[in-house]
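Some notes on the structure that comes next.
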Amino acid sequence: MSSFRCAIGLWILCVLPIFGQEPPSRADRLKAIQDEYAKASEEFDKDIQAGKIKANEQGEYPGWSDLLKRFAKATRELIDADPADAVALDALVFSLNNLGAGKNDPDLYKLVLKHHVKSEKIDPLIRSESAP
């Protein structure tokens, strides 16, 4: 169902300009990604609690990594649009803290250091054990 919602969301982003409405701002798109991630994460947790999803031999839950990658990709697109602005900073912090994207995309840390090193918003990243 989440893939269906993403497809509808992308379709809306493409169709809105045709009808004279402006597409959502990058900040609104980030908020939508964060909200959708929260819902997907909650659903995933419910499925684990209900026994629908079980950990494999390595203790990993099938599908979780793919879910994180999907949201990391959408968030990275926002970051790449303008890595130095406030939306990118919020997207970087979300991506690194919530999605663990630094493991697969260590260049995200470089963007933080290049563009946002003076921001207090990066404090959680500095304290993170996953930061290189």
Side-chain angles (χ1 to χ4, degrees):
M1 188 59 112
S2 293
S3 297
F4 176 74
R5 282 188 253 163
C6 276
I8 293 297
L10 289 173
W11 182 81
I12 289 171
L13 288 175
C14 294
V15 172
L16 284 178
I18 294 171
F19 293 107
Q21 295 177 357
E22 291 191 31
S25 69
R26 287 176 56 244
D28 289 340
R29 290 183 6 228
L30 176 59
K31 176 77 169 111
I33 290 168
Q34 291 170 323
D35 290 347
E36 184 64 28
Y37 169 75
K39 288 178 192 173
S41 178
E42 185 177 317
E43 289 176 22
F44 202 89
D45 286 343
K46 285 180 183 178
D47 287 346
I48 290 171
Q49 297 297 326
K52 294 178 183 177
I53 301 173
K54 298 186 189 277
N56 60 21
E57 295 86 29
Q58 294 81 24
E60 299 169 348
Y61 291 95
W64 181 247
S65 179
D66 292 335
L67 184 133
L68 292 176
K69 287 177 186 174
R70 180 169 48 100
F71 286 100
K73 181 180 177 185
T75 306
R76 180 61 194 240
E77 290 172 4
L78 288 176
I79 294 165
D80 289 342
D82 187 356
D85 76 356
V87 174
L89 173 58
D90 291 340
L92 282 161
V93 172
F94 170 72
S95 190
L96 292 166
N97 270 350
N98 298 83
L99 305 177
K103 294 174 187 168
N104 295 324
D105 192 356
D107 287 341
L108 293 172
Y109 289 107
K110 292 177 185 175
L111 290 173
V112 169
L113 292 174
K114 181 178 180 181
H115 299 290
H116 306 288
V117 74
K118 293 182 180 180
S119 174
E120 291 180 9
K121 288 185 178 182
I122 68 167
D123 285 351
L125 301 178
I126 295 168
R127 291 188 205 112
S128 172
E129 292 179 23
S130 63

Margin query: Any side-chain to backbone donor/acceptor pair from Tyr61 onto Phe44? Under 3.5 Å, distance only.
Written below: no
Next item on the list: For the pair Asp35 and Lys31, find out whether any cationic side-chain nitrogen is under 4.0 Å from an anionic carboxylate oxygen.
Entry: yes
Next item on the list: Is it possible for you to say whether Ile122 and Leu113 belong to one hydrophobic cluster, with membership spreading through side-chain heavy-atom contacts below 4.5 Å?
Entry: no
Notebook entry, point to check: Are Lys121 and Leu92 side-chain neighbours, meaning at least one heavy-atom pair lies under 4.5 Å?
Noted result: no
Item checked: Shortest non-hydrogen separation from Asn97 to Pro124 and the atoms involved -> ND2-CB, 3.3 Å
Next item on the list: Locate the shortest heavy-atom distance separating Ala40 from Leu67; write the atom from each residue and the value.
Entry: CB-CD1, 3.7 Å
Next item on the list: Could you tell me which non-hydrogen atom of Asn98 sits nearest to which non-hydrogen atom of Leu68, and how far apart they are?
Entry: O-CD2, 4.3 Å
Check: Just wondering, do Ile33 and Phe94 contact through their side chains at under 4.5 Å, heavy atoms?
Finding: yes
Notebook entry, point to check: Distance-only, no hydrogens or angles: does the His115 side chain make a donor-acceptor pair with backbone N or O of Leu89 under 3.5 Å?
Noted result: no
Checklist line | Spatial distance of atom CG (Leu99) from atom CZ (Arg70) [nearest 0.5 Å] | finding: 10.5 Å
Next item on the list: Please tell me if the side chains of Arg26 and Asp85 come closer than 4.5 Å, counting only heavy atoms from C-beta onward.
Entry: yes
Margin query: Rounded at 0.5 Å granularity, tell me how far OG in Ser119 sits from CG in Leu125.
Written below: 9.5 Å
Item checked: Minimum heavy-atom distance between Ile79 and Ser95, given as atom pair plus value -> CD1-CB, 4.5 Å
Next item on the list: Would you check if Arg76 and Leu111 make a side-chain contact, meaning some heavy-atom pair closer than 4.5 Å?
Entry: yes
Check: Should the pair Glu43-Lys39 be classified as a salt bridge under the 4.0 Å nitrogen-to-oxygen rule?
Finding: no
Notebook entry, point to check: What are the two closest non-hydrogen atoms of Leu108 and Ala101, and how far apart are they?
Noted result: CD1-CB, 3.6 Å
Notebook entry, point to check: Are the side chain of Thr75 and the backbone N or O of Phe71 linked by a donor-acceptor pair below 3.5 Å?
Noted result: yes
